[in-house]
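Because only heavy atoms are used, hydrogens play no part in the values below, and waters and symmetry mates are left out as well, while side chains stay in. Both ligands and their constituent atoms are indexed starting at 1 by order of listing.
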Amino acid sequence: MVILCRRMFRQLTAPLCVQIRISGKTGEIPMANVTELFGSMVFDDRKMQERLPRTTYKSLKKTVKNGEPLDISVANAVANAMKDWAVEMGCTHYTHWFQPMTGVTAEKHDSFIYPTDDGRIIMEFSGKELIKGEPDASSFPSGGIRATFEARGYTSWDPTSPAFIREKTLYIPTAFCSYTGEVLDKKTPLLRSMERLSSVAVKVLHLFGKNEVTRVTTTVGPEQEYFLIDKTMYDKRPDLIYTGRTLFGAPAPKGQELEDHYFGSIKTRVSSYMNELDEELWKLGVFAKTKHNEVAPSQHELAPIFETSNIATDHNELTMEVMKKIAERHGLVCLLHEKPFAGVNGSGKHNNWSISTNTGENLLDPGKQPENNLQFQLFLAAVVKAVHEYQDLLRLTVASAGNDHRLGANEAPPAIISMYLGDDLGALVESIVNGTEYKCKDSADMLTKVDVLADFQKDNSDRNRTSPFAFTGNKFEFRALGSSLNIACPNYMLNTMVAEELSEFYEELKDADDFEAAVKAVVKKTLTDHQNIIFNGDNYSEEWVKEAERRGLCNYRSLPEAMAHYVDKKNIDLFVKNGIVSEAELRARYEIELEHYSKQIRIEALTMIDMAEKNITPAVISFVKELTDAALAKKSLLPSISVKPETTLVEELSDELEKFVDKTAELKAAVSGASSANSDNLSQAMYYREKVFSLMGELRTIGDSMEQKTSAKYWPYPSYGELLFGV
Ligand code: ADP
Ligand code: MG
């Protein structure tokens with residue numbers, strides 16, 4: 001994998017010449033410096049080779065590559081080498097960096113100092129400190145799995161993800177669990193799911209005679225969308241500060257209708273932000289590759305080159321953090337919320353996912369003759385069956401208060417999970433199911449009909465941008481993720497469900513007399529039974545909603561609706577059987593998600609009430625007073641003069657203000673009644689969705705209408721125009 005990525009990175013950097021800031025100056029620098037810059041802040045394979053004794057390096061590699069347990073003497077040597085390198089790089093501290101159930105990463109910094117007998121200090125770091133950290137677990141969400149008095153929690157070094165340096169601190173990627181061993185983070189299930197999928201897939205590949213395969217890994221390339229807005233505007237919006245999205249805001253005269261932002265020329269300020277972001281990410285070993293403007297004004301995207309799932313996860317978390325940090329330096333704020341602005345597109349994340357072997361074979365690559373590639377067909381069948389049987393899990397893993405605004409809103413896939421296979425694979429599935437001959441569309445040449453433009457070969461299938469789960473050549477693109485989501489969750493779901501299907505296939509195939517015939521039968525039966533999940537049409541259309549219902553596919557519109565199925569028996573069985581999480585851990589996760597959702601909606605509602613009472617209502621009153629004064633002044637000057645413009649506005653605004661004040665009171669009552677009305681987290685979350693959230697929508701409608709009528713001089717918050725076009 002590392003070798004593959006290096007090669008790819010060389011390819012990627014070859015034709016480029018980038019702007020790099022060196023000691024404050026910006027200028028064109030030759031490519032060699034970027035290759036040197038890349039990974040300079042990472043304790044990567046090269047540094048390990050240089051700094052570790054050969055035997056230590058070898059046993060560490062065994063752990064990383066084959067998942068073999070780690071010896072303490074190895075850990076001691078690695079810790080020492082890491083510390084020496086970090087101190088040379090100017091570090092004073094180290095931190096165990098982990099991904100608790102909060103939705104953000106956590107870190108506690110310890111210095112390397114160690115007192116000596118003569119009252120001085122030395123810089124020390126032991127294998128024990130590298131392997132195990134002990135943050136207080138009681139302040140992290142545990143879903144009731146652990147009482148507060150059992151406060152101990154442990155972080156445990158993940159040697160498969162390289163340590164790195166940020167701001168004079170050595171960051172050590174770790175997993176997090178409670179004193180009693182319960183998993184309290186997102187990384188552990190991901191690592192377990194990768195191991196589980198690997199062990200099952202290897203067994204299946206051995207049936208195909210591929211005995212040289214010893215490990216299978218899942219790979220992920222997450223495309224990340226984000227908004228950049230001006231910091232001075234942001235600071236004036238409590239809704240953005242507290243909730244990450246605008247809770248009020250009338251549409252600007254211009255939105256995204258001219259389609260002029262997508263792939264548009266990048267503004268200077270944004271471009272210098274992006275350059276610094278690339279530079280910082282490259283230093284951290286992140287393969288930042290593509291950047292462009294997205295559909296909504298002020299919206300952008302960054303796509304990296306794919307890596308193994310757990311490193312891709314760490315790197316995506318890191319990318320989001322670095323995006324926010326770099327923005328500060330440019331007087332900008334990076335918004336990662338799924339729906340910061342109503343009326344224009346929100347932000348998502350495309351999770352490109354595939355499976356490959358340690359021998360370099362991509363198991364989702366159909367090859368030149370997919371009709372004869374039984375191994376590919378079997379893996380494809382496993383994915384099709386998994387997505388069909390566990391569509392509810394895929395739906396709920398992308399559910400969040402923020403993402404609920406996007407799914408099904410014609411800017412993102414619907415809440416209905418289905419798969420797109422494209423023309424070629426679609427035809428293949430049809431031929432297998434119906435037992436007919438497979439006719440592949442010849443991949444035609446693209447004739448440009450301009451002499452100076454080269455003709456080239458077209459891709460086998462067009463893209464389907466509306467599908468939540470689309471096959472794109474040799475990988476699947478899960479497109480329903482929200483922009484702020486930790487990708488560990490969708491990926492451990494995917495890995496686990498595919499591992500489950502493969503293990504079922506393995507059981508059916510392992511003793512077959514005629515292996516080929518048995519594979520064909522399994523593939524045919526699976527694709528026949530599960531073809532209902534395949535849909536190649538327009539996922540945004542109304543007809544699809546009806547058609548999906550006829551097919552019996554789930555359509556869960558909000559987090560509470562989806563989350564209710566987390567603890568369905570079939571889902572508990574899936575995770576328990578595959579050794580990913582226990583039933584208690586799963587139930588804890590369910591409680592955490594629901595509780596988190598209710599808290600988020602509550603914060604949004606309280607912020608709205610605050611904005612309404614403290615600023616919007618007073619602003620409208622002041623403006624109405626100014627209008628009234630103006631009308632009275634006019635009348636006293638010239639009794640016959642018309643004051644219709646003023647009185648009409650006064651009337652309209654007074655009318656709306658009355659409704660606005662009433663609605664604010666109603667919302668307030670709904671929020672304070674929430675805990676007494678509900679006894680468990682699910683009904684509480686449902687209450688927030690059905691009662692509180694819908695009142696928020698009603699309040700906003702009135703507020704936005706008043707904004708459109710109120711003088712900008714009085715309106716207390718920057719407008720959508722200023723926010724979206726202010727950079
Ligand atoms: P597309 O143009 O179809 O979106 P790209 O080649 O641009 O495909 O890739 C989009 C994303 O998918 C990138 O992040 C890329 O690294 C990732 N990707 C490509 N191949 C794989 C793979 N085998 N596994 C996981 N991700 C992949
Ligand atoms: Mg893509």
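- The shortest side-chain heavy-atom distance between Leu191 and Pro189 does not fall under the 4.5 Å cut-off.
- Using a 4.0 Å cut-off between heavy atoms, Ser354 contacts ligand 1 through both its backbone and its side chain.
- For ligand 1, none of its N or O atoms has an N or O atom of Thr472 under 3.5 Å away.
- For ligand 1, the atoms lying closer than 4.0 Å to a non-hydrogen atom of Ile305 are 16 (O).
- On a distance-only criterion, Lys475 and ligand 1 share at least one N/O pair closer than 3.5 Å.
- Aromatic rings from Tyr262 and His292 are positioned such that their centres are separated by under 6.0 Å.
- Side-chain atoms of Asp314 and Trp97 form no donor-acceptor pair, as typed in the model, at a separation below 3.5 Å.
- Listed by number with element, the atoms of ligand 1 under 4.0 Å from a non-hydrogen atom of Gly221 are 14 (O), 25 (C), 26 (N).
- Taking the six-membered ring for Trp and the full ring otherwise, Phe306 and Phe287 have centroids separated by 6.0 Å or more.
- The only member of Asn362, Thr219, Thr218 that meets side chain to side chain donor-acceptor pair (under 3.5 Å) when paired with Ser354 is Asn362.
- Looking at His350 against ligand 1, nothing comes within 4.0 Å, counting heavy atoms.
- Side-chain contact between Trp544 and Phe535 is present, with at least one heavy-atom pair separated by less than 4.5 Å.
- Checked against the 6.0 Å centroid criterion, the rings of His261 and His300 qualify as a close aromatic pair.
- At under 3.5 Å, a nitrogen or oxygen of Thr219, whether backbone or side chain, sits near a nitrogen or oxygen of ligand 1.
- Under a 4.0 Å heavy-atom criterion, Pro304 is in contact with ligand 1.
- Looking at ligand 1, you'll find an N or O of Phe306 within less than 3.5 Å of one of its N or O atoms.
- At a 4.0 Å heavy-atom cut-off, ligand 1 touches Asn362 through the side chain alone.
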